[in-house]
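Both ligands and their constituent atoms are indexed starting at 1 by order of listing.
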Amino acid sequence: MNCLFCSIVSGDIPSTRVYEDERVLAFRDINPQAPVHILVIPKVHLSSLDEVTEKSSALIAHLLEVIPSIARAEGLTNGYRVVTNIGEDGCQSVKHLHFHILGGAKLGEQMA
Ligand code: AMP
C-alpha cells in the first residue's frame, strides 16, 4: 500500500520523531500550524477514526494515553488542542489515522 505515514513509520520517508513505542509514533508536522504541531499515529494502517472498531479500541486508548505525556515533554503546560480530521468534509489529506497536537500559543477560538 502506498501510504505516506506508513512510509514514515518504516523510515523510508524521514521525519522528526518525538515519541515512539511498539504501537505508536509521534513526529513533527512538516507544515506547522502552531509553535508546537505534532502528529500522533498508530504504526498499523487505519485510514481514519471512522475505521476504529472494538478490535482497535485498545490501540486507540493507548494512543490517547501517550498524548498528555508528549504534551508535557513539549512544555505545553498551559493547554493544547487535539484534532483528528476524517474524510472529505473533515479535510483529511493523509488517509492514515493521525491526531494533531497543537499548542505553544493561545489558539484560535474557531473550530471550523
Ligand atoms: P490532515 O490534513 O489532517 O490529513 O493532516 C495531514 C498533516 O500531515 C498536515 O498537517 C501536513 O502538514 C502533514 N504532513 C504531510 N506530509 C508530511 C511529512 N512528510 N512529514 C510530516 N508531516 C507531514
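- Counting non-hydrogen atoms of neighbouring residues, nucleotides and ligands closer than 6.0 angstrom, the CG atom of D50 reaches no more than 12 such neighbours.
- The NE2 atom of H98 lies 9.5 Å from the CG atom of L4; values are rounded to the nearest 0.5 Å.
- Side-chain contact between V94 and L39 is absent, with no heavy-atom pair separated by less than 4.5 Å.
- With sequence neighbours excluded, the residues satisfying salt bridge (charged side-chain N to carboxylate O under 4.0 Å, His left out) with E20 are R17, K43.
- Sorted by chain and number, the residues within 4.0 Å of ligand 1 by heavy atom are L4, F5, I8, F27, R28, D29, I30, N31, L39, N85, C91, Q92, S93, V94, H98, H100.
- Within the structure, side-chain hydrogen bond (donor to acceptor under 3.5 Å, both in side chains) pairs that include any residue of residues 80-96 comprise H45-H96 (at least two apart or interchain).
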Name the atoms and distances for all side-chain donor-acceptor pairs under 3.5 Å in residues 66-78, with sequence neighbours left out.
{"residue": "S69", "atom": "OG", "partner": "V66", "partner atom": "O", "Å": "2.8"}
{"residue": "E74", "atom": "OE1", "partner": "R28", "partner atom": "NH1", "Å": "3.2"}
{"residue": "E74", "atom": "OE1", "partner": "R28", "partner atom": "NH2", "Å": "3.3"}
{"residue": "E74", "atom": "OE2", "partner": "R28", "partner atom": "NH2", "Å": "3.0"}

